[in-house]
2 protein chains.
Amino acid sequence: MPPSAAESPSPTPPPRRRGAYAKSEQRRRDILAAAVTVFGAHGYRAGSLKEIADLVGMNPTSLFHYFPTKEALLQAVLDERDAVSDQVALDGEPMVSRAEDVPALFLRIARNNESLPGIIGLYTLVAAESSTPGHPTREYFIERYRRIRRQFASGFALMHEAGLLAPGITPEYAASSTLGLWDGVQMQWMIEPEAVDVVEHLRRHLSMITTLEV
Amino acid sequence: MPPSAAESPSPTPPPRRRGAYAKSEQRRRDILAAAVTVFGAHGYRAGSLKEIADLVGMNPTSLFHYFPTKEALLQAVLDERDAVSDQVALDGEPMVSRAEDVPALFLRIARNNESLPGIIGLYTLVAAESSTPGHPTREYFIERYRRIRRQFASGFALMHEAGLLAPGITPEYAASSTLGLWDGVQMQWMIEPEAVDVVEHLRRHLSMITTLEV
DNA sequence: GTCTATAGCCGGATAGAC
DNA sequence: GTCTATCCGGCTATAGAC
């Protein structure tokens with residue numbers, strides 16, 4: 001699963017006027033970073049505000065000055081990452097211009113993810129959790145998975161037009177199967193990191209559904 | 001992910017002597033069934049004993065007469081399903097004797113799973129959850145995933161010897177990629193059941209990694 | 001074997017002093 | 001903006017009457 005491809009200098013919050021707010025802004029970002037760690041390690045329900053507060057070295061109640069509820073904090077984390085990944089892929093648009101570059105992009109994202117285990121855990125864990133009734137980010141993840149399948153499919157459609165997909169492979173199947181394999185192998189990796197190589201599995205899958213040697 | 005392939009008449013508990021215990025034994029099984037439903041819907045941490053007790057129509061504290069702790073109840077659920085699935089596949093042994101039958105067995109299990117959404121949710125959710133530090137079934141799932149990969153690989157090894165695997169596909173890669181795709185597509189299905197067809201994805205994956213028309 | 005009562009803990013969240 | 005004190009809720013689990 002591809003949480004993001006680019007680096008962290010988040011462009012989301014509007015630039016503050018001057019000195020007094022700078023520290024506050026930094027605090028806010030520290031909290032978001034800590035939330036990624038904690039939600040990524042324990043999921044949303046089991047992740048506690050106390051642990052997040054401990055990580056940034058403040059009192060749990062102080063968090064409410066930055067985020068009104070625990071739910072809002074989670075949503076802020078997800079929105080922040082979305083903003084980052086939107087720099088890479090616009091919804092509905094192919095992610096790259098040249099069909100030949102599509103597999104390489106997938107692998108680049110996967111490789112980059114390896115350096116962000118917290119984010120991986122966050123999205124895989126919370127996605128699974130969010131399928132349960134009454135979960136606050138249920139709708140968000142339904143929408144997210146639809147969007148990812150659409151983005152992937154538009155990339156594979158480029159390849160399809162160029163005759164680069166293996167016989168019988170539709171862009172839609174390529175999209176959902178790639179996403180599925182990615183998520184599933186990542187889950188095996190979370191359970192036992194030494195057991196599988198996510199990037200290598202993705203690479204092999206891509207060479208099977210395309211006619212390229214990736 | 002393949003929780004089990006056979007039906008529910010659990011062989012696990014030894015047969016009780018006579019009438020007085022029959023009801024108690026039934027209660028125990030009712031509780032296990034309710035636990036599958038609740039843990040399958042909410043996971044382990046968010047699943048409450050109260051909800052399980054409500055489902056079987058008894059007081060939450062009465063559950064402790066059958067299972068000493070919540071953790072023991074979860075473990076009993078997992079063990080029970082393991083016993084069922086052991087009827088189908090013995091650890092280390094190929095799951096079927098004829099190499100040509102291997103893909104069909106996978107599809108049969110997947111099709112059977114469709115009628116057991118609670119079980120699916122249980123294993124997918126709790127597996128994801130169990131990757132978190134300090135989770136009571138962490139070790140269990142590490143072992144379980146190893147075992148499944150081994151079982152799958154021994155089935156694919158049969159096919160390999162018969163020359164039925166596609167060029168470049170090893171039994172080990174066939175195993176981990178099939179498991180991964182299965183889990184990942186199942187996760188998409190849990191998030192939005194209408195979005196993907198698990199059996200069909202599995203079927204296509206199997207026809208790509210083998211030389212059979214499955 | 002099932003219940004009531006309750007302990008004990010920890011979670012998120014509020015009020016208000018500083 | 002950060003803290004202390006505190007409320008309120010749900011949770012697992014225990015004790016003990018019936």
Side-chain angles (χ1 to χ4, degrees), chain A residues 13 16-35 37-39 41-77 125-126 129 132-137, chain B residues 13 16-35 37-39 41-77 125-126 129 132-137:
Chain A
R16 295 298 183 168
R17 336 248 159 88
R18 71 165 146 325
Y21 296 96
K23 194 172 176 183
S24 188
E25 198 51 44
Q26 185 55 40
R27 270 286 202 221
R28 199 191 143 88
R29 291 210 260 161
D30 291 345
I31 293 169
L32 282 172
T37 303
V38 172
F39 290 148
H42 303 285
Y44 171 67
R45 292 212 149 104
S48 80
L49 296 180
K50 178 181 185 319
E51 189 174 349
I52 295 170
D54 285 348
L55 271 183
V56 293
M58 66 198 301
N59 193 289
T61 58
S62 301
L63 296 183
F64 292 111
H65 239 272
Y66 296 88
F67 305 93
T69 63
K70 183 188 185 186
E71 188 178 330
L73 175 54
L74 173 63
Q75 197 57 61
V77 169
L125 217 62
V126 181
E129 212 184 343
T132 65
H135 197 282
T137 51
Chain B
R16 295 299 182 166
R17 335 247 160 91
R18 73 165 145 324
Y21 296 97
K23 194 171 177 185
S24 188
E25 199 49 47
Q26 185 55 41
R27 270 287 202 218
R28 199 191 143 88
R29 291 210 261 158
D30 290 346
I31 293 169
L32 283 172
T37 304
V38 172
F39 291 146
H42 303 286
Y44 171 67
R45 292 212 149 104
S48 80
L49 296 181
K50 179 181 186 319
E51 188 174 350
I52 295 171
D54 285 349
L55 271 183
V56 293
M58 66 198 300
N59 192 288
T61 59
S62 301
L63 297 183
F64 292 110
H65 220 80
Y66 297 87
F67 304 93
T69 63
K70 183 189 185 184
E71 188 178 331
L73 175 54
L74 173 63
Q75 196 58 59
V77 169
L125 254 173
V126 181
E129 212 185 343
T132 64
H135 197 281
T137 51

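Because the structure is predicted, anything quoted here is derived from the model rather than measured. A, B, ... follow the sequence lines: proteins, then strands. Residue 1 opens every chain.
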Report task. Mind jotting down which residue pairs meet the salt bridge (Lys or Arg N to Asp or Glu O under 4.0 Å) criterion with at least one end in residues 41-68 of chain B? Sequence neighbours excluded, please. Result -> B/Lys50-B/Asp54

Requested in this report: Check A/Gly47 against A/Val38 and note the closest heavy-atom contact, atom names and distance.
Outcome: CA-CG1, 3.8 Å

Query raised in the report: Taking OP1 and OP2 of D/dG1, is either one under 4.0 Å from a side-chain nitrogen or oxygen of A/Ser62?
Result: no

Report task. Applying ring-ring contact (aromatic ring centres under 6.0 Å, His included), name anything that partners B/His135, two or more places apart in sequence or on another chain. Result -> B/Tyr44

Query raised in the report: In chain order, what residues pass the side chain to side chain donor-acceptor pair (under 3.5 Å) check against B/Ser48, with sequence neighbours excluded?
Result: none

Query raised in the report: Reading nucleotides 12-18 of chain D 5' to 3', which nucleotides get B (base under 4.0 Å from a protein heavy atom), which S (sugar-phosphate only), which -?
Result: SBB----

Report task. Using only side-chain N and O atoms of B/Tyr66, determine if any of them is under 4.0 Å from OP1 or OP2 of C/dG1. Result -> no

Requested in this report: Please state how far atom CD1 in A/Ile52 lies from atom P in C/dC10, giving the value in whole angstrom units.
Outcome: 18 Å

Requested in this report: May I ask you to say what A/Phe67 touches in the nucleic acid, namely base, sugar-phosphate or nothing, with a heavy-atom cut-off under 4.0 Å?
Outcome: nothing

**Report entry** Interatomic distance where CG belongs to A/Asn59 and P belongs to D/dC3 [whole Å]
**Finding:** 5 Å

Query - side-chain hydrogen bond (donor to acceptor under 3.5 Å, both in side chains) partners of residues 64-73 of chain A, not counting sequence neighbours, each pair once - result: none

Query raised in the report: Which residues pass the side chain to side chain contact (heavy atoms under 4.5 Å, CB included) test with B/Ala34, sequence neighbours left out?
Result: B/Ile52, B/Leu55, B/Val56

